[in-house]
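Below you'll find the structure, written out as structure tokens, and then a few comments.
Residue numbers start from 1 in every chain, and the chains themselves are labelled A, B, ... in the order their sequence lines are given, proteins ahead of strands.
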Amino acid sequence: MPLSVYNTLTRQLEPFLPIDKNLVRIYVCGPTVYGDSHLGHAKSYVSFDVIVRYLRFIGYRVLYVQNITDVGHLTDDADEGEDKLIREARANRVHPMEIAERYTRSYFEDMDALGVLRPDISPRASGHSTEQIELVKELLARGLAYEANGSVYFDVRAFAGYGKLSGRTLDELSAGVRIDVKSEKRYPADFALWKKAEPGHIMRWPSPWGEGFPGWHVECSAMSMKYLGQSIDIHGGGLENQFPHHECEIAQSEGATGKPFVKYWLHNNMVTVDGRKMGKSLGNSISLKEAFKRWSAPVVRFFVLQSHYRSTLDFSEDALRGAAKGLERLHTTIRQVRERLGGTGNAAGSPGISPAAHARALQESTGGNASTGAQTTTESTAGKASVHPNGLQEFGRAIGIDLDAYAQRFRTAMDEDFNAPQAIAALFDLSREVNSALQRESSVAAADLQALDAFFARHAGDVLGILPEGETLTSGDHNLEQELMSLILSLRAETRKEKLWTLSDKIRDGLTQLGITLEDKKEGTTWKRAPKG
RNA sequence: GGCGACGUACCCAAGUGGCUAAGGGGGAGGUCUGCAAAACCUCUAUGCAUCGGUUCGAAUCCGAUCGUCGCCUCCA
């Protein structure tokens with residue numbers, strides 16, 4: 001079953017066929033780095049992370065570009081508007097680029113914690129003024145823009161396709177636009193490509209029209225075309241960017257090249273708090289750094305993936321707590337498989353986020369749909385797993401469980417516009433079957449365990465990025481902590497042997513206080529760190 | 001005002017024409033266990049905002065009503 005994606009441009013689900021058979025060019029609007037990232041950023045970038053991971057999983061080579069907006073945007077519509085970064089810089093009495101740098105690092109820090117793979121290229125808007133100026137010049141040369149008093153505006157009436165993404169007409173737009181008495185614009189819906197820098201404006205670049213700075217939308221057009229070419233496969237971003245940002249990008253790009261800018265427009269929905277959009281200006285935004293104090297980053301990631309990227313996701317304490325429990329349930333199964341596999345606790349190699357795991361040979365499919373490149377087996381996929389002729393891995397059966405049926409279910413879900421919630425549901429069902437089987441079977445063939453481990457490594461790990469990681473230390477790891485724990489556990493085992501329940505319970509309660517959970521099982525006692533949330 | 005979404009159990013959330021309405025959390029009962037935890041088993045929406053309509057058949061399509069939200073201004 002081929003991959004289908006919901007294209008905002010056509011408002012329907014379409015088969016995904018990239019321009020180049022095996023290569024997917026994707027551009028996602030990045031953050032404006034004037035503040036810490038919040039849960040909304042997590043939803044957006046985790047969503048696109050999984051989209052990119054899945055495209056790689058089914059065999060595509062993916063080139064992923066995501067900008068860093070460090071030039072800032074105007075806070076207001078008109079000329080009096082003050083650059084966000086500059087306002088922030090003035091408040092803190094530092095250079096705007098210092099602010100931008102600080103929050104750029106903060107952004108990547110948060111994204112790394114969330115297991116979001118770094119984009120292949122993260123271009124800064126401030127470093128691409130030349131490209132942006134060139135684009136503006138081209139638009140002027142083509143008669144789609146005009147200069148007014150040191151600024152340049154896009155003439156929307158000269159571009160026939162304006163409004164095709166957001167479904168608006170110029171009449172509707174001009175009706176909604178505020179009347180600006182002092183406007184230099186010829187038409188209310190025209191938008192700035194280049195703005196003249198007023199005295200005191202710190203971020204400025206020389207241009208053919210005098211000193212100034214790029215307009216609101218040019219950066220994405222310029223950088224997308226520079227690194228991915230004039231026509232790309234996917235352009236992603238938050239729903240709120242559909243208009244005007246993306247609409248303007250189309251106008252600028254297609255106006256300048258005469259070619260289609262983007263084949264598939266993908267938009268993720270918003271995070272809400274108590275049913276309302278989370279936003280800085282609304283004063284209800286929750287920064288990721290705050291959130292991570294309360295819930296671990298993997299829990300936040302998992303929470304995001306439990307709803308579809310095109311649905312709103314309502315944030316609440318209860319919902320996060322539920323997600324934490326659910327993720328723990330999945331992790332318990334995976335850890336159990338690993339422990340049975342050899343007690344290393346890390347049988348899948350570097351779990352979760354391993355870019356190396358994505359290195360795989362590209363191979364043409366016979367059916368003309370390029371979604372079936374061959375994949376190299378990672379170390380974790382030894383054992384029973386093998387590579388299927390069509391390129392997707394086979395897992396066979398393990399302890400009576402039809403892993404291929406689960407793999408199929410997982411892929412069917414993801415093939416339908418990246419339905420991660422359904423894919424996760426399949427993992428939960430598998431998890432129950434595995435728990436059940438492991439409980440039943442005291443000895444399981446290593447090959448079966450390896451197949452299970454490989455299955456989780458590929459699907460929960462490579463695609464969804466929700467495998468348990470090093471920080472969740474368990475009885476499998478070796479270090480001083482481990483040594484001490486085994487000492488405590490052996491002492492406690494003696495108290496239990498002597499039926500000194502009060503004492504053994506005291507030990508367990510004490511460890512609970514320290515954030516360590518004990519589990520007394522038939523085979524012995526295991527321990528783990530209690531998860532956050 | 002214009003444009004566009006959404007309303008599924010106590011909570012989160014899939015499903016968009018056809019088997020018994022996914023999955024997670026919570027709750028109830030049970031198995032295991034010294035107890036607890038984890039795990040497993042059973043139960044927890046004759047109904048998908050409401051009312052009409054189309055259809056052999058609708059949570060899913062159409063219309064109306066009520067409610068919530070988003071975009072139209074920087075915003076993931």
Side-chain angles (χ1 to χ4, degrees), chain A residues 11 13 28-32 34-35 37-48 69 72-78 81 83-84 163 166-169 171-173 175-178 189 216 236-245 267-272 275-282 285 302-303 306-308 310-330 332-333 336 413 416 419-429 431-432 434-440 496 499 501 504-505 508-509 512 517-522 525-526 528 530:
Chain A
R11 312 268 165 168
L13 217 53
V28 173
C29 285
T32 302
Y34 69 102
S37 306
H38 51 72
L39 282 168
H41 294 96
K43 175 160 171 73
S44 188
Y45 300 121
V46 166
S47 295
F48 284 103
T69 297
H73 290 296
L74 296 183
T75 40
D76 296 313
D77 187 39
D83 195 295
K84 276 179 180 171
S166 52
R168 290 156 207 249
T169 64
D171 287 345
E172 286 164 14
L173 286 171
V177 165
R178 279 186 247 159
W216 300 264
L239 199 58
E240 82 285 352
N241 275 329
Q242 189 181 314
F243 187 88
H245 188 55
H267 290 100
N268 66 274
N269 218 134
M270 309 287 101
V271 170
T272 56
R276 290 188 160 274
K277 175 185 165 180
M278 175 187 300
K280 263 204 141 63
S281 50
L282 300 171
S285 76
F302 183 71
F303 171 66
Q306 269 191 307
S307 81
H308 188 92
R310 278 195 296 112
S311 299
T312 53
L313 174 60
D314 197 49
F315 172 91
S316 70
E317 293 271 334
D318 282 352
L320 260 295
R321 197 178 307 123
K325 290 285 200 109
L327 182 61
E328 185 55 25
R329 177 184 176 75
L330 226 38
T332 299
T333 303
Q336 205 184 343
E416 273 186 44
N419 196 325
Q422 273 187 1
I424 288 171
L427 293 183
F428 273 114
D429 285 343
S431 173
R432 183 179 301 108
V434 171
N435 288 336
S436 195
L438 290 182
Q439 203 163 339
R440 199 172 54 234
R496 296 183 69 216
K499 298 195 191 297
W501 305 129
S504 70
D505 287 352
R508 186 172 60 197
D509 292 347
T512 303
T517 308
L518 293 193
E519 290 176 12
D520 294 324
K521 297 168 185 168
K522 274 181 194 160
T525 302
T526 60
K528 66 178 181 183

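For the pair A:K325 NZ and B:G25 P, the interatomic distance rounds to 8 Å; values are reported in whole Å. We find that CD of A:E240 is positioned 14 Å from C1' of B:C69, with the value rounded to whole Å. Counting to the nearest Å, the C1' atom of B:A5 and the NZ atom of A:K277 are 14 Å from each other. In this structure, A:H245 places its NE2 atom 6 Å from P of B:C75, rounding to the nearest Å. Spacing between atom NE2 of A:H38 and atom C1' of B:C74 amounts to 11 Å, rounded to whole angstrom units. In this entry the distance linking NZ of A:K521 with P of B:C40 reads 12 Å, nearest Å. Between the CG atom of A:L320 and the P atom of B:G25 there is a distance of 15 Å, rounded to whole Å. The separation between A:M278 atom CE and B:C69 atom C1' is 15 Å, rounded to whole Å.
Going from the P atom of B:G63 to that of B:G25 covers 39 Å, rounded to whole Å. The gap from the P atom of B:U55 to that of B:A49 amounts to 23 Å, rounded to the nearest Å. Comparing the P positions of B:C62 and B:G18 gives a spacing of 15 Å, expressed to the nearest Å. Comparing B:C12 with B:A45, their C1' atoms sit 15 Å apart, to the nearest whole Å. Remark: the separation of the P atoms in B:C19 and B:C48 is 16 Å, to the nearest Å. Separation of the P atoms belonging to B:U44 and B:C56 is 33 Å when rounded to the nearest angstrom. Rounded to whole Å, the P atom of B:G30 lies 28 Å from the corresponding atom of B:A21. A distance of about 15 Å separates the P atoms of B:C11 and B:G27, rounded to the whole Å.
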Practice task
Treat primed atoms plus P, OP1 and OP2 as sugar-phosphate and everything else as base, then score nucleotides 13-18 of chain B 5' to 3': B for base contact with protein heavy atoms under 4.0 Å, S for sugar-phosphate contact only, - for none.
Solution key: SSS---

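Between the side chain of A:D505 and the base of B:G34 there is at least one donor-acceptor pair of N/O atoms closer than 3.5 Å. No hydrogens or angles were tested; on distance alone, a donor-acceptor pair under 3.5 Å links the side chain of A:D520 to the base of B:C35. A donor-acceptor contact under 3.5 angstrom links the side-chain atoms of A:R508 to the base of B:C35. Side chain A:R329 to base B:G24: no donor-acceptor pair is found below 3.5 Å.
A donor-acceptor contact closer than 3.5 angstrom links the side chains of A:T333 and A:N435. Residues A:T525 and A:D520 bring a donor and an acceptor atom of their side chains to less than 3.5 Å of each other.
A:I424 comes within 4.0 angstrom of no nucleic acid atom, judged by non-hydrogen atoms across all strands. Residue A:V271 is in base contact, counting any heavy-atom pair closer than 4.0 Å across all strands shown. Within the nucleic acid shown, A:Y45 comes within 4.0 Å of sugar-phosphate atoms alone, with no base atom in reach, counting heavy atoms only. Residue A:G322 is classed as a sugar-phosphate contact, given heavy-atom separations below 4.0 Å to backbone atoms only. Contact annotation for A:N241: backbone-only contact, meaning every heavy-atom pair under 4.0 Å involves sugar-phosphate atoms and none involves a base. Using a 4.0 Å heavy-atom criterion, one finds that A:N435 contacts the sugar-phosphate atoms exclusively. If you check every strand for non-hydrogen atoms under 4.0 Å, A:R432 touches sugar and phosphate atoms only.
Between A:T32 and B:A76 there is a side-chain N or O to OP1 or OP2 distance below 4.0 Å. The shortest distance between the side-chain N/O atoms of A:R321 and the OP1/OP2 oxygens of B:G25 is not below 4.0 Å.
The shortest non-hydrogen separation linking A:G238 to A:S44 is N-OG, 4.4 Å. Closest heavy-atom contact between A:N269 and A:K43: O-CE, 3.2 Å. Across all non-hydrogen atoms, the minimal contact from A:F315 to A:F303 is CA-CZ, 4.0 Å. Across all their heavy atoms, A:T312 and A:S307 have their closest contact at O-OG, 4.4 Å.
Of the two residues near RNA chain B, A:K499 and A:S431, the one whose nearest nucleotide lies more 5' is A:K499.
Per the stacking criterion (ring centres < 5.5 Å, plane angle < 30°), A:W501 stacks onto the base of B:G34.
Note on ring orientation: taking the six-membered ring where Trp is involved, the planes of A:Y45 and A:H41 are parallel (angle under 30°, cut-offs 30° and 60°).
Here the straight-line distance linking atom NE2 of A:H245 with atom OG of A:S166 works out to 13.0 Å at 0.5 Å rounding. Between A:N241 atom CG and A:N268 atom CG the span is 9.0 Å, to the nearest 0.5 Å.
The closest side-chain heavy-atom distance from A:V434 to A:Q336 is not below 4.5 Å.
A distance-only check finds a donor-acceptor pair linking the side chain of A:T332 to the backbone of A:E328 [under 3.5 Å]. In this structure a side-chain-to-backbone donor-acceptor pair under 3.5 Å is missing from A:S436 to A:R432.
Considering only side-chain atoms of A:R11, the nucleotide from B:G4, B:A76, B:G2 that sits closest is B:G4. Nearest nucleotide to the side chain of A:M270, out of B:G34, B:A76, B:A39: B:A76. In the set B:C69, B:G24, B:C12, B:C12 carries the atom at the smallest distance from any side-chain atom of A:A319.
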Exercise for the section: Dot-bracket notation for RNA chain B is requested: 5' to 3', Watson-Crick or G-U wobble pairs only, both distances under 3.5 Å, with ( ), [ ], | and . as defined. Expected result: ((((((((.[[[..)..(....]]]((((((.......))))))....[[[[[..)....]]]]])))))))....

